[in-house]
**Student:** 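First the structure, then my questions, so here it is.
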Protein chains: 2
Amino acid sequence: MNIYDISKKAGVSIATVSRVLNGNEKVSANTRQKVLRVMEEESYSPNAFARGLGLNTMKTIGILCADSSDAYLASAVYYLEQELRRFGYDALLCCTGYDLDQKKKYLEILLSKRVDAIILAGSTFVEQADKNNEYLRFAARKVPLILLNGHLDAPGIYSSLCDDTAAVAGATERFLVSGRNKLLFLYRSQSYSGRRKLAGFLSAHSKRNIQVENSQMICFNGSIQEIKERLLTHYANCFPFNAVITSDDELAIGVLKFAKAAGLSIPRDLSIIGYNNSKIGICCDPELTTIDNKLEFSCNHAVSVLMSVLDGKKVPAKTVITAEIILRQSTDDHF
Amino acid sequence: MNIYDISKKAGVSIATVSRVLNGNEKVSANTRQKVLRVMEEESYSPNAFARGLGLNTMKTIGILCADSSDAYLASAVYYLEQELRRFGYDALLCCTGYDLDQKKKYLEILLSKRVDAIILAGSTFVEQADKNNEYLRFAARKVPLILLNGHLDAPGIYSSLCDDTAAVAGATERFLVSGRNKLLFLYRSQSYSGRRKLAGFLSAHSKRNIQVENSQMICFNGSIQEIKERLLTHYANCFPFNAVITSDDELAIGVLKFAKAAGLSIPRDLSIIGYNNSKIGICCDPELTTIDNKLEFSCNHAVSVLMSVLDGKKVPAKTVITAEIILRQSTDDHF
DNA sequence: TTGTAGGCGTTATCAC
DNA sequence: GTGATAACGCCTACAA
C-alpha cells in the first residue's frame with residue numbers, strides 16, 4: 001500500500017496525497033477528507049525509507065555511550081531519548097565500551113546509518129592525548145556532535161557539561177574549612193571529567209597553600225569489593241584519611257564498605273562525599289552526601305542546543321552548568 | 001558522492017560497483033581492486049536510506065521499554081543492544097512510560113519507522129485485561145514481536161522469560177521450611193510478572209495447606225521512603241511479619257529502611273529476599289539475598305530467537321528460564 | 001487547488 | 001564478468 005494506491009482509490013494525484021500527508025494548506029477540505037478516509041480504510045502509513053531518501057534524513061539521532069547499563073549513563077540515555085522524542089526524533093542507541101578503537105568503529109557505524117547528529121554521552125569520549133580526538137573532529141565535519149560531560153574545541157562540536165572542577169573544589173573547601181585535614185580523592189579514570197574533578201581537588205588545596213601528597217589521590221577502577229580492599233591497605237600503610245571525595249557514588253559505596261570493615265564510624269571518623277546523586281546513594285546506610293551534577297538539565301540542554309543547530313541557528317559551543325551538593329548522612333551535620 | 005560517481009571514475013557500470021559493495025563473487029579481482037581504490041580515494045559510503053528503500057529494511061530493531069533509567073530495564077536494553085549489534089542490527093530505543101495509551105502510540109511510531117522487529121522489554125506491556133493486548137496482536141501482524149519477561153499467545157509473538165512463579169514459590173517454600181511463618185509478599189504492580197510472582201507466593205502456601213491472609217500481600221508502587229512508612233504502619237497495625245519477599249530489589253531496600261526504623265535486626269528478626277540481583281543489592285548493609293532471573297541470558301536468547309525468526313526459521317514461541325537464588329546477608333545462614 | 005514528471009541512491013533482473 | 005534499466009515510494013518544482 002503506497003501513495004499511488006491511495007491516490008488511485010481517492011481519485012486524486014499522488015501530489016495531493018503527499019500534500020495531505022504533510023499537512024500542506026493548499027488542499028480543499030473536501031479532497032483532504034476524501035484522502036484521509038482512504039488512508040484510514042487502508043491503514044496506510046508512509047514508507048519512512050523512501051521519505052528518508054528524498055529528504056536525506058530520517059529524523060534520527062545517534063546516542064553513543066560507553067555502557068548504558070551504568071546507572072549514570074542509563075539516566076542520561078533516558079533523558080536524552082525522552083527529550084529527542086519530544087522534538088520528533090528517534091534515538092539510535094550504540095554502546096561502545098571503553099576501548100578507543102571500538103568507539104571509533106561505532107561512531108563510524110552511526111555515520112554510515114546517516115543519523116542527523118550524534119550525542120556522545122559521558123566523558124570517556126574525549127581522550128587525554130589530543131591526537132586521539134581526531135576521529136571526533138572528523139565526524140563533526142559530517143554531522144553535529146554533542147558532547148555530554150565532555151569538551152573539545154572544534155567546528156561542529158558542542159558541549160553541555162557540569163562544572164566538575166568547581167563542584168569538587170567546593171566540596172574540598174568545605175572539608176578543609178570544617179577542620180578535616182586528611183582528605184582523599186578517589187576517582188575512577190583519567191577521563192575528561194575525572195581530570196576536571198581532580199583539578200578541583202588540587203586547586204582547593206593550593207588556594208589555601210596546602211601541599212597535596214600523592215597518597216591523597218587514588219585512581220582506581222574496580223568493583224565495590226575491590227575498592228574496599230584497596231582502601232584497607234591504603235589506610236593502614238599509606239595514608240589514614242578522615243574524609244573522602246569520590247568521582248562517583250559507587251566508589252563512595254566502596255568507601256562505606258571499607259569504613260565498616262575498618263571499624264570507622266561515619267561521619268565521625270570518616271566523612272564521605274559521592275558524585276552523581278544516583279539512587280544507590282539512598283540505598284546504603286548511612287545515606288550518601290553527594291554532588292548532583294544536574295544530569296537531566298544537562299541532557300535537556302544538550303538536546304535543545306542540538307535542535308537549534310539542526311535549525312541552522314547559531315548557538316554557543318559550550319554550556320557549563322553548576323552542580324549542587326546534596327547533604328545526607330555521610331558528612332557532619334555542621335558540614 | 002554516490003554509486004554513479006564511483007562508477008564513472010572507475011570506468012565501470014553502477015552494477016559492478018554495487019557488486020563490489022555487496023561482496024558479490026562475480027567480479028574480476030582486477031575490477032574489484034579498481035573500484036575499491038576509487039571508493040577509498042573518495043571515502044565513499046553508500047546511502048543507507050536508498051539501500052533501505054530497495055531492500056525494505058535498514059536492519060534496525062525497535063526496543064520498547066517503560067523506562068530505560070530503571071536499573072533492571074537499563075541492563076536489559078544494554079544486553080539487547082550489544083547482542084543485536086553482534087548480528088549487525090541497530091537498536092532504536094523508545095521509552096514509553098507506564099501508560100497504556102503511550103505504549104500504543106510509541107509502538108505505532110516504531111512500526112511507522114519500518115523497524116524489522118520490536119522487542120518489548122519488561123513485563124508491563126502485557127495487560128491483565130486481554131482486550132487491552134489487541135494492540136500487540138495487531139503489531140505482530142506486521143513485524144515479529146519479542147516479549148522479554150512477558151507472554152502473550154498470538155501469531156508472530158515470541159517470549160523469553162524467567163519462571164517467576166517457581167522462583168518465588170521456591171523462596172517462599174524455603175522460608176516456610178526454615179520455620180519462618182509470617183511471610184509478607186511485597187510487589188510493585190499487577191504487571192504480568194507481578195501476577196506470576198504473586199502466584200508463586202500463593203502456590204507455595206497452598207501446597208502446604210496454609211491459608212494466606214490479605215494482609216500478607218501488599219501491592220505498592222512507591223519510593224523507598226514511602227515503602228518504609230507504609231511498612232511501619234502495616235507492621236504495627238496489620239501484620240507483624242518476620243520475612244519478606246519482594247518483586248524487586250528496590251522494594252527490598254525499602255524493607256531494610258523499615259527494619260532499621262522499627263529496630264528490627266536482620267536477618268534475626270526479619271529476613272528479606274529481593275528480586276533481580278541488581279547492583280543496589282550489594283550497596284546496602286546488610287547486603288540483599290535476591291533472586292537472579294538471568295537477565296543477560298534471557299536477553300541473548302531473545303535476540304537469538306529473533307534472528308531465527310527473521311531468517312524464516314521455525315522457533316518455539318516461548319522459552320522459560322529458571323531463576324537462581326543469590327544468598328547474602330539478609331537471610332539466615334541456614335536458609 | 002490539483003496534476004505531471006523528475007530526482008533521491010540503491011538493488012536486482014535481465015541481456016550480452 | 002559486465003552493463004543497461006527497471007523498480008523501491010516519496011517529495012517537490014513547475015505547469016495547468
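Model, not experiment: these values are computed from the prediction. Below, chains carry the letters A, B, ... as their sequence lines are ordered, and counting in each starts from 1.
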**Student:** From D/dC11, C/dG9, C/dT11, pick the nucleotide closest to the side chain of B/Asn22?
**Tutor:** C/dT11

**Student:** OP1, OP2 of C/dC8 versus side-chain N and O of A/Asn56: anything below 4.0 Å?
**Tutor:** no

**Student:** Are the charged groups of B/Glu134 and B/Arg137 less than 4.0 angstrom apart, N to O?
**Tutor:** yes

**Student:** For the residue pair A/Asn221 and A/Tyr98, confirm or rule out a side-chain donor-acceptor distance under 3.5 Å.
**Tutor:** no

**Student:** Considering only side-chain heavy atoms of A/Val27, which listed nucleotide, C/dT2, C/dC8, D/dT2, is closest?
**Tutor:** C/dT2

**Student:** Round to the nearest Å and state the distance from A/Lys59 atom NZ to D/dC10 atom P.
**Tutor:** 18 Å

**Student:** Heavy atoms from C-beta onward define the side chain here; which of D/dT12, C/dG9, D/dT2 lies closest to that of A/Leu55?
**Tutor:** D/dT12

**Student:** Is the shortest distance from a Lys or Arg side-chain nitrogen in A/Glu81 or A/Arg85 to a carboxylate oxygen in the other one below 4.0 Å?
**Tutor:** yes

**Student:** Going by modelled atom types, is there a donor-acceptor pair between the base of C/dG3 and the side chain of A/Arg19 at under 3.5 Å?
**Tutor:** yes

**Student:** Specify the residue among B/Thr31 and B/Ile14 whose closest nucleotide of DNA chain D lies further upstream toward the 5′ end.
**Tutor:** B/Thr31

**Student:** Just the rounded figure in Å: distance from P of D/dA6 to CG of B/Leu53.
**Tutor:** 17 Å

**Student:** Is there a donor-acceptor pair under 3.5 Å between the side chain of B/Lys9 and the backbone N or O of B/Glu42?
**Tutor:** no

**Student:** Find the distance A/Asn47:CG to D/dC11:C1' and express it as a whole number of Å.
**Tutor:** 13 Å

**Student:** Taking only side-chain nitrogens and oxygens of B/Ser18, does any of them come within less than 4.0 Å of OP1 or OP2 of C/dT11?
**Tutor:** yes

**Student:** Rounded to the nearest angstrom, tell me the gap between atom CE in B/Met58 and atom C1' in C/dT10.
**Tutor:** 13 Å

**Student:** Less than 4.0 Å between a side-chain N and a carboxylate O, is that true for A/Glu83 and A/Arg86?
**Tutor:** yes

**Student:** Say whether A/Ser160 and A/His301, considering side chains only, have a donor N or O and an acceptor N or O under 3.5 Å apart.
**Tutor:** no

**Student:** Nearest nucleotide by nearest heavy atom, which residue falls closer to the 5' end of DNA chain D, B/Arg32 or A/Leu21?
**Tutor:** B/Arg32

**Student:** Please report the distance, rounded to the nearest Å, between CE in B/Met1 and P in C/dT10.
**Tutor:** 11 Å

**Student:** Could you tell me, to 10°, how much the axis swings from one end of the helix from C/dT1-D/dA16 to C/dC16-D/dG1 to the other, five pairs per end?
**Tutor:** 40°

**Student:** To the nearest angstrom, how far is A/Phe49 atom CZ from D/dC10 atom C1'?
**Tutor:** 13 Å

**Student:** Provide, to the nearest angstrom, the distance between the OH atom belonging to B/Tyr4 and the C1' atom belonging to C/dT11.
**Tutor:** 11 Å

**Student:** In whole angstroms, how far is the C1' atom of D/dC10 from the CG atom of A/Asp5?
**Tutor:** 13 Å

**Student:** So, does A/Asn22 use its side chain to make a donor-acceptor pair with the main chain of A/Asn24 at under 3.5 Å?
**Tutor:** no

**Student:** Can a donor-acceptor pair be found, under 3.5 Å and without considering hydrogens, that links the side chain of A/Asp116 to the backbone of A/Lys59?
**Tutor:** yes

**Student:** Considering only side-chain heavy atoms of A/Ser28, which listed nucleotide, C/dT2, C/dC8, D/dC11, is closest?
**Tutor:** C/dT2

**Student:** Out of D/dG9, D/dT2, C/dT4, which nucleotide sits closest to the side chain of A/Ala15?
**Tutor:** C/dT4

**Student:** Are OP1 or OP2 of D/dC10 and a side-chain N or O of A/Tyr44 less than 4.0 angstrom apart?
**Tutor:** yes

**Student:** Given D/dC10, D/dT2, C/dG9, identify the nucleotide with an atom nearest to the side chain of A/Pro46.
**Tutor:** D/dC10

**Student:** Does a side-chain N or O of A/Thr16 approach OP1 or OP2 of C/dG3 to a distance below 4.0 Å, or not?
**Tutor:** yes

